[in-house]
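One structure is given here, and the rest of the page talks about it.
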Amino acid sequence: MMVLNGSSKEVKEIGIVGGGIMGLSLAYFLTKAGARVQVFEASDNLGGLAGPIYLDGAAIDRFYHAILSSDGHLRSLCEEIGIADRLRFRETKMGFYHQGRIYPMNDVRDFLLFPPLTWLDRFRLGLTVVGARLVRDWHSLEGVSIEDWLVRLGGRHTFEVIWRPLLKAKFDGNFTGTSATYIWARLNRMSSTRSGANQKEMAGHLIGGYITLVSALAERVQAAGGQVHLRTPIAEIVVQEGQLHGLRLVRPADGRNATAVQPVGGEVLPYDAVVATVQTPIFIRLIPGAPAGYREFLGRTRYMGIVCPLLVLDRPLSPYWTLNITDDRIPFTGVIETTNYIDPEYVGGYHLVYLPKYTQAESDWFRLSDDEVRHIWLEHLEQMFPDFERSSIRHMLIHRERYVEPIHPLNSLDQMPGVTTPVAGLYLANTAQIYPELTNGESVSHHARRAAQEIIASLAPRGASVSEPIPPLTAGSRSVMHAR
């Protein structure tokens with residue numbers, strides 16, 4: 001990656017807050033650069049939003065994730081850390097649930113026979129996909145609303161029948177002011193998975209889920225002298241009079257702490273640098289001593305949350321990996337059956353169906369009890385699938401997160417936080433800086449690599465050189481790196 005030469009200090013000591021894909025990828029890249037890192041994770045497991053649950057000894061992703069055949073950076077990282085042999089890919093199918101019926105949408109024939117649209121609508125929908133692929137400078141879309149762009153390419157009827165209900169579901173009813181870059185990035189990512197003469201869609205996974213990646217990264221960090229601490233929440237990133245002092249840990253209420261790092265509760269662990277990889281609202285709470293203007297600027301960042309039941313079944317529900325829903329009466333955003341690309345043998349023999357509902361962070365959906373969510377979701381699932389039997393359910397687990405996906409309004413480049421901050425030695429590397437790419441394992445690990453490069457460059461003594469620069473992002477993508 002890159003190595004500091006001519007450093008006046010042999011090793012940089014860096015504390016990293018958060019043990020998700022971002023935090024562990026960053027720790028790995030910084031370790032390769034010669035830094036000594038300590039990663040602090042508040043929960044019992046690494047992985048963050050990509051963390052696992054365990055059923056009958058099998059690791060299962062808490063939320064649904066797919067690795068696409070076009071995810072070049074992530075696949076290269078898996079190769080580099082020795083887990084590429086655990087990648088598996090499979091042809092997948094997609095469908096639409098529209099006005100009480102399910103329609104396949106997997107090839108030209110399906111597209112041409114899709115009843116909700118006229119011939120002209122289908123032609124213009126095809127133009128929308130082609131149009132997205134032809135856009136090379138996404139900046140031209142930054143100030144164009146998603147509705148205006150889709151209507152211009154595909155027509156009003158196509159927008160009302162297909163795009164409006166999908167966008168309402170994705171943005172909890174309010175996509176007004178959302179930039180066309182969102183749908184541009186989504187169309188490009190999904191079309192990039194199609195290969196071969198028949199343009200079949202391919203999706204994949206790591207055996208064991210994303211915890212396989214995160215654990216391998218943690219092992220590499222520890223083998224190089226770094227440390228990874230579980231059940232070790234941070235009380236404060238201490239900033240006083242504009243200077244970084246270090247990390248203050250939470251004192252455990254029961255007197256127990258999994259980490260051997262001391263002290264807790266009062267004194268501060270000093271570091272040459274601290275990198276927060278948590279969501280921006282959490283970062284704000286951790287830096288009460290940072291400049292007020294910077295904290296106010298960070299407060300403009302908004303996220304979508306999610307309520308996501310996971311159905312663990314003893315049989316398949318449908319042949320589709322993704323079933324898009326254009327019916328406003330259905331509360332969840334889609335039906336994601338990951339065991340249509342994950343062999344059930346890798347997940348305890350079960351069939352996994354995720355039923356996500358994307359929500360505003362303050363949504364009333366978060367106030368529903370687990371039993372209320374189960375009742376509402378299953379009622380509508382039975383409406384969609386009349387043959388579905390509740391006796392097939394082995395588990396139904398309800399997962400919630402308030403800060404899942406950053407929202408990027410029109411012309412929002414200047415509203416995104418950079419990796420560097422106004423406090424020397426304090427850095428932020430999180431998903432709010434990934435734009436216009438979508439948030440996924442590919443973009444997160446890629447952003448971590450570039451953030452590590454920027455951090456090392458800023459920590460290098462004057463006159464030192466940074467070797468082996470990181471390759472640029474793929475054409476059309478960008479991670480925001482400017483300081484605030």
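Since the structure is predicted, the reported quantities are computational estimates derived from the model, not experimental observations.
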**Prompt:** So, Glu345 and Tyr350: side-chain donor and acceptor under 3.5 Å apart, yes or no?
**Reply:** no
**Asked** Could you go step by step and tell me if Glu401 and Arg62 meet the salt bridge (charged side-chain N to carboxylate O under 4.0 Å, His left out) rule?
**Response** CA-CA 11 Å; Glu401 290 288 344; Arg62 191 161 59 102; 3.1 Å; yes
**Fill in**
Closest non-hydrogen contact found for Asn440 with Ser443 is OD1-N, 2.9 Å
**Message:** I'd like to know whether CZ of Arg315 has more than 12 heavy-atom contacts from other residues, nucleotides or ligands below 6.0 angstrom.
**Reply:** yes
**Asked** Roughly how far apart are Leu428 CG and Thr421 OG1, rounded to 0.5 Å?
**Response** 8.5 Å
**Test item: Val275 and Val17 side chains (from C-beta on) under 4.5 Å apart, heavy atoms** = no
**Prompt:** So, for Thr92 and Met202, which heavy atoms are closest and what is the spacing to 0.1 Å?
**Reply:** OG1-N, 4.3 Å
**Item:** Side chain Gln279, main chain Tyr403, donor-acceptor under 3.5 Å
**Value:** yes
**Message:** Closer than 4.0 angstrom, basic N to acidic O: yes or no for Arg402 and Glu362?
**Reply:** no
**Asked** What is the minimum heavy-atom distance between Leu298 and Pro417, and which atoms define it?
**Response** CD2-CB, 3.6 Å
**Request:** Taking the side chain as every heavy atom from C-beta outward, state whether Val373 and Arg400 have any atom pair closer than 4.5 Å.
**Result:** yes
**Asked** Does the side chain of Leu378 reach to within under 4.5 Å of the side chain of Ile393, using non-hydrogen atoms?
**Response** yes
**Item:** Donor-acceptor contact present, side-chain Thr31 to main-chain Val37, <3.5 Å
**Value:** no
**Asked** Just wondering, do Met384 and Phe332 contact through their side chains at under 4.5 Å, heavy atoms?
**Response** yes
**Asked** Is the CZ atom of Arg295 crowded by more than 12 outside heavy atoms at less than 6.0 Å?
**Response** yes
**Asked** Is it true that a side-chain atom of Trp377 and a backbone atom of Leu355 form a donor plus acceptor pair closer than 3.5 Å?
**Response** yes
**Request:** State the CG-CG distance between Leu426 and Leu244, to the nearest 0.5 angstrom.
**Result:** 6.0 Å
**Request:** Flag the pair Arg189 and Glu437 as a salt bridge only when some basic side-chain nitrogen lies within less than 4.0 angstrom of an acidic carboxylate oxygen.
**Result:** no
**Request:** Flag the pair Lys168 and Asp328 as a salt bridge only when some basic side-chain nitrogen lies within less than 4.0 angstrom of an acidic carboxylate oxygen.
**Result:** yes
**Request:** Report yes if the side chains of Asn324 and Phe96 come closer than 4.5 Å at any heavy-atom pair, otherwise no.
**Result:** yes
**Item:** Residue His375 excluded, over 12 heavy atoms near NE2 under 6.0 Å
**Value:** no
**Prompt:** Only one of Leu230, Val228, Leu249 clears side-chain contact (heavy atoms from CB on, under 4.5 Å) with Phe40; which?
**Reply:** Leu249
**Request:** Under the side chain to side chain donor-acceptor pair (under 3.5 Å) rule, what do Glu147 and Ser145 come out as? Steps first, then yes or no, please.
**Result:** CA-CA 5 Å; Glu147 180 170 350; Ser145 78; 6.0 Å; no
**Request:** Go through the steps for Val144 and Leu410 under the test side chain to side chain contact (heavy atoms under 4.5 Å, CB included), then give the verdict.
**Result:** CA-CA 7 Å; Val144 180; Leu410 294 166; 5.5 Å; no
**Message:** Whether the side chain of His380 engages the backbone of Ile376 through a donor-acceptor N/O pair (distance < 3.5 Å, no angle test) should be reported.
**Reply:** yes
**Message:** So Ser445 and His73, do their side chains get closer than 4.5 Å, heavy atoms only?
**Reply:** yes
**Message:** Measuring centre to centre across the rings, with the benzene-like ring taken for any Trp, is Trp365 within less than 6.0 Å of Tyr358?
**Reply:** no
**Request:** Say whether, by atom type as modelled, one donor and one acceptor occur between the side chain of Asp172 and the main chain of Ala361 under 3.5 angstrom.
**Result:** no
**Request:** Would you confirm whether Asp71, through its side chain, and Ile67, through its main-chain N or O, come within 3.5 Å as a donor-acceptor pair?
**Result:** no
**Asked** Near Lys170 NZ, under 6.0 Å, is it more than 12 heavy atoms from other residues, nucleotides or ligands?
**Response** yes
**Fill in**
Quick note, side chain to side chain donor-acceptor pair (under 3.5 Å) partners involving residues 208-221, not counting sequence neighbours, are none
**Request:** Would you kindly say whether Glu41 and His229 are connected by a side-chain donor-acceptor distance under 3.5 Å?
**Result:** no
**Prompt:** So, Glu454 side chain and Val419 main chain: donor-acceptor pair closer than 3.5 Å or not?
**Reply:** no
**Asked** Would you find more than 12 non-hydrogen atoms of other residues, nucleotides or ligands less than 6.0 Å from Arg329 atom CZ?
**Response** no
**Residues Glu337, Ser318; criterion side chain to side chain contact (heavy atoms under 4.5 Å, CB included); working and verdict** = CA-CA 8 Å; Glu337 191 162 352; Ser318 83; 3.4 Å; yes
**Asked** Would you call Phe159 and Asp148 a side-chain contact if the rule is heavy atoms closer than 4.5 Å?
**Response** no
**Message:** Would Ile102 and Tyr320 count as a side chain to side chain contact (heavy atoms under 4.5 Å, CB included) here? Give the steps.
**Reply:** CA-CA 10 Å; Ile102 294 174; Tyr320 303 105; 3.6 Å; yes
**Message:** Suppose we call two aromatic rings close when their centres sit under 6.0 Å apart. Are Tyr182 and Phe171 close by that rule?
**Reply:** yes
**Asked** For the atom pair CG (Leu24) and CD1 (Ile81), what is the distance rounded to the nearest 0.5 Å?
**Response** 9.5 Å
**Asked** Can you name the nearest heavy-atom pair linking Pro309 to Ile398, along with the distance?
**Response** CB-CD1, 3.7 Å
**Request:** Mind running side chain to side chain donor-acceptor pair (under 3.5 Å) on Tyr303 and Thr280 for me, showing each step along the way?
**Result:** CA-CA 9 Å; Tyr303 288 81; Thr280 305; 3.1 Å; yes
**Request:** Keeping the roles fixed (side chain from Glu142, backbone from Ser412), state whether a donor-acceptor pair exists under 3.5 Å.
**Result:** yes
**Prompt:** Gln38 side chain to Gln227 main-chain N or O, any donor-acceptor pair under 3.5 Å?
**Reply:** no
**Request:** Grab the two heavy atoms, one from Arg90 and one from Thr339, that are nearest each other, plus how far apart they are.
**Result:** NH1-O, 4.1 Å
**Request:** For a side-chain contact (heavy atoms from CB on, under 4.5 Å) with Phe29, tell me which candidate from Ile455, Leu77, Val221, Leu217 qualifies.
**Result:** Leu77
**Asked** How far does CG of Leu368 sit from CZ of Arg374, to the nearest 0.5 angstrom?
**Response** 12.5 Å
**Request:** Compare every heavy atom of Val278 with every heavy atom of Asn430, then report the nearest pair and how far apart it is.
**Result:** ND2-O, 3.0 Å
**Prompt:** Out of curiosity, Asp314 CG to Ser392 OG, how far, rounded to the nearest 0.5 Å?
**Reply:** 5.5 Å
**Message:** Counting the benzene-type ring for Trp, do Tyr346 and His205 have ring centres under 6.0 Å apart?
**Reply:** yes
**Message:** Is there a side chain to side chain contact (heavy atoms under 4.5 Å, CB included) between Leu269 and His245? Walk through the geometry before answering.
**Reply:** CA-CA 8 Å; Leu269 298 170; His245 286 254; over 6 Å; no
**Request:** Measure the CE-CG distance between Met396 and Leu313 for me, rounded to the nearest 0.5 Å.
**Result:** 9.5 Å
**Asked** Considering only heavy atoms from C-beta outward, does the side chain of Val353 approach that of His351 to under 4.5 Å?
**Response** no
**Request:** Before giving the answer on ring pair (Phe, Tyr, Trp, His ring centres under 6.0 Å), spell out for Trp321 and Tyr64 the whole-Å C-alpha distance, their side-chain angles and the decisive distance to 0.1 Å.
**Result:** CA-CA 11 Å; Trp321 160 34; Tyr64 62 95; 9.0 Å; no
**Message:** When you measure from the side chain of Ser179 to the backbone of Gly143, do you find a donor-acceptor pair of N or O atoms at a distance under 3.5 Å?
**Reply:** no
